[in-house]
Amino acid sequence: MIDPKLLRQATADVAANLARRGFDFDVDAYAALEERRKSLQVETERLRNERNASAKRIGKAKAEGDDVAPLLAAVKELGDRLESNEAVLSKIQAELKDIELGLPNLLHENVPDGQDEADNREERRWGKPKETGFAAKDHVELGTGLGMLDFDAASRISGSRFVVLAGPLARLQRALIQFMLDVHTAEHGYEEAYVPYLVRSQALVGTSNLPKFEADLFKTTDENPYYLIPTAEVPLTNLARETILEADELPRRWVAHTPCFRSEAGSHGQDTRGMIRQHQFEKVELVQVVRPTESADALDELTGHAEEILRRLDLPYRVVALCAGDLGFGSHMTYDIEVWLPGQGRYREISSCSNFTDFQARRMQARWRNPDTGKPELVHTLNGSGVAAGRALIAVMENYQAEDGSVRVPEVLKPYMGGVEVLSA
RNA sequence: GGAGAGAUGGCUGAGUGGUCGAAAGCGCUCCCCUGCUAAGGGAGUAAGGGUUAAAAGCCCUUCGAGGGUUCGAAUCCCUCUCUCUCCGCCA
């Protein structure tokens, strides 16, 4: 959520910033509603004050044994007026809240202009796509050739967009996850967490997946539903929910491996081949909760933590700054890391690192006590994939393939593979 | 799944219709005293919101959540959520 105060006072500036995303904010409708809210709230609070004062007088009169009947009559009419005012006010406040929850985050000034993926700005590249000397296979061909990747079995069990991994390939994914967790906890200062995979709607409102993106989520059917997490960002960021952290507790850094569940309604037709886009995939997620002044640096640092994983795996990648039109709803600034996939002959997203500033913190009332003011203030939250394990598996398969369809195990994963050094049929 | 108890400020915990945003303690901040770290004394210390250019001030809301009774609710009634204890079941 954008600061409601800022929204009121600088409505035009906010609208101009959001327009860079292609977001059309109806300023006049908002301003009219806000105007009504203001006059009605002032009046309602005045009536409440009157009512409270009367109630106090009655209490006092009673204590002194006076007749309270005339006082009671006077306050009756007040109550009716108050009631009708309150009803209208809460309706208007709910409408305003809906508007506020529907507004995306303000953009950082360094976010490039643009409408979609094609306008993202490349920041840097690491590693060079290797010359194989033969026609590189994609992960589907490699995996099915090894007999370790089975989409048919998955579809018989669960339908499309699921996969079954078998044997050493399943283990290779697990090795990737262990490796990433070890690096982030031992070297990058993250605390490992095990978190719920089913969450309540309020947790998703906190991270700004709800109310706007319900269609992307799986949910259970009862009247008080659980949602399956689309990313560990949801439970991890909500660890700071409704708390006031002391200054010396910041920054908080959490890492977790979880499965992620995405309905991805509307994405049909895209990436239908292979395991690029699945309803269920594994990911190691990094979350940071920091002081507001430190979030910009923290984003660079966090992105570097994710990059380090790819470097150690010796996977070529590039980093792009997402343009205004491609940026996620709650993000202030996002770097995507794209890994080289020889089978596709191009870079594909494997991590997305974002600074949410106070956007999520305001929704979940995640605060810290600023020693300068002594007052609780909103923290800034960040998250990034560190990295997506399913896609990392694809990248390893395609980048470490040999002409005969076998796949070498990357050096850093060998300790996790129980002696297996090559995956072969 | 069954039975019972509970949810109050950063924390512990009192409070069963008005003078309660809430005793006391801990913690924290400031001051005083004390010629050593210790100890003692005093004052202050919840959050959210409105009004304001901003602050001060004033006002509103909040004692798990939602609804109700009442002129007035932390306190009475209803529903829900969560926590704890015991039993059952289970990994």
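Remember, it's a predicted structure, so these values are computed and weren't measured experimentally. Residue numbers begin at 1 in each chain, while the letters A, B, ... track the order of the sequences.
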query: Whole-Å distance between B:G50 C1' and A:Asp3 CG?
result: 14 Å

field: Of the listed nucleotides B:A47, B:U51, B:C71, the one nearest the side chain of A:Arg367
entry: B:A47

query: Which value, in whole Å, describes the distance between the C1' atoms of nucleotides B:A14 and B:A65?
result: 24 Å

message: If you count heavy atoms of other groups shown closer than 6.0 angstrom to CD of A:Glu187, is the number above 12?
response: yes

- line: CD of A:Glu233 to OG of A:Ser354, rounded to nearest 0.5 Å, is 7.5 Å

- request: Considering just the side-chain nitrogens and oxygens of A:Asn52, establish if one lies under 4.0 Å of OP1 or OP2 belonging to B:C60.
  value: yes

task: Apply side-chain contact (heavy atoms from CB on, under 4.5 Å) to A:Leu103 and A:Leu7, showing your working.
output: CA-CA 10 Å; A:Leu103 296 179; A:Leu7 195 56; 3.8 Å; yes

task: Just call it for A:Gln9: base, sugar-phosphate, or nothing, with non-hydrogen atoms closer than 4.0 Å on any strand.
output: sugar-phosphate

query: Please give, in whole Å, the distance from B:U81 P to A:Gln202 CD?
result: 13 Å

message: Does the structure show a Watson-Crick or G-U wobble partner for B:G25, both distances under 3.5 Å? Name it, or say none.
response: B:C11

query: Of the candidate nucleotides B:U51, B:G10, B:C71, which contains the atom at the shortest distance from the side chain of A:Val42?
result: B:U51

message: Looking at B:C59, I'd like to know if its phosphate oxygens (OP1 or OP2) sit under 4.0 Å from a side-chain N or O belonging to A:Asn49.
response: no

Distance in angstrom units between A:Arg363 CZ and B:G48 P, rounded: 19 Å

- prompt: Quick one: do A:Glu95 and A:Arg36 make a salt bridge, cutoff under 4.0 Å?
  reply: no

task: Can you tell me the distance, in whole Å, between the CD atom of A:Gln93 and the C1' atom of B:G50?
output: 10 Å

query: Whole Å only: how far is the CD atom of A:Glu246 from the C1' atom of B:A46?
result: 14 Å

message: Is there a side-chain contact between A:Arg8 and the phosphate of B:G50, meaning an N or O under 4.0 Å from OP1 or OP2?
response: yes

- request: Please report, rounded to the nearest Å, how far the C1' atom of B:G50 is from the CD atom of A:Gln41.
  value: 5 Å

query: Pick the nucleotide of RNA chain B nearest each of A:Arg37 and A:Ser54; which residue has the one closer to the 5' end?
result: A:Arg37

message: Tell me the interatomic distance from A:Lys5, atom NZ, to B:U51, atom C1', rounded to whole angstroms.
response: 10 Å

query: What is the pairing partner of B:C33, taking Watson-Crick or G-U wobble pairs with both distances under 3.5 Å in any strand?
result: none

- prompt: Distance between the C1' atoms of B:G72 and B:C33, in whole angstroms?
  reply: 48 Å

task: Assess the side chains of A:Glu294 and A:Gln288: does a donor N or O sit below 3.5 Å from an acceptor N or O?
output: no

- request: For A:Tyr416 and A:Asp182, test the side chains for any donor-to-acceptor distance below 3.5 angstrom and give the result as yes or no.
  value: yes

- prompt: A:Gln365 has an atom CD; how far is it from atom P of B:G9, in whole Å?
  reply: 16 Å

5' precedence on RNA chain B between A:Arg369 and A:Lys56 (nearest-nucleotide basis): A:Lys56

statement: Any strand, both distances under 3.5 Å, Watson-Crick or G-U wobble: B:A53 pairs with none

- prompt: What is the base-pairing partner of B:U70, counting Watson-Crick and G-U wobble geometry with both distances under 3.5 Å?
  reply: none

- prompt: Which part of the nucleic acid does A:Lys38 contact within heavy-atom distance under 4.0 Å: base, sugar-phosphate only, or nothing?
  reply: sugar-phosphate

field: Options B:U81, B:G18, B:G50, nucleotide nearest the side-chain atoms of A:Glu45
entry: B:G50

- prompt: Paired with B:G17: which nucleotide, if any, by Watson-Crick or G-U wobble criteria at under 3.5 Å for both distances?
  reply: none

field: Partner nucleotide, any strand, of B:U83 [Watson-Crick/G-U, under 3.5 Å]
entry: B:A5

- prompt: Which whole number of Å gives the distance between the C1' atom of B:C20 and that of B:U75?
  reply: 10 Å

Mate of B:A46 where both pairing distances stay under 3.5 Å, Watson-Crick or G-U: B:U62

task: Can you establish whether the number of heavy atoms outside A:Gln115 located under 6.0 Å from its atom CD is more than 12?
output: no

query: So, is A:Lys375 close to the B:A46 phosphate, meaning a side-chain N or O under 4.0 Å from OP1 or OP2?
result: no

query: How is A:Arg57 classified with respect to the nucleic acid when contacts are heavy atoms under 4.0 Å: base, sugar-phosphate, or nothing?
result: nothing

- request: Please determine, for B:C89, whether a Watson-Crick or G-U wobble partner exists with both distances under 3.5 Å, and give it or none.
  value: none

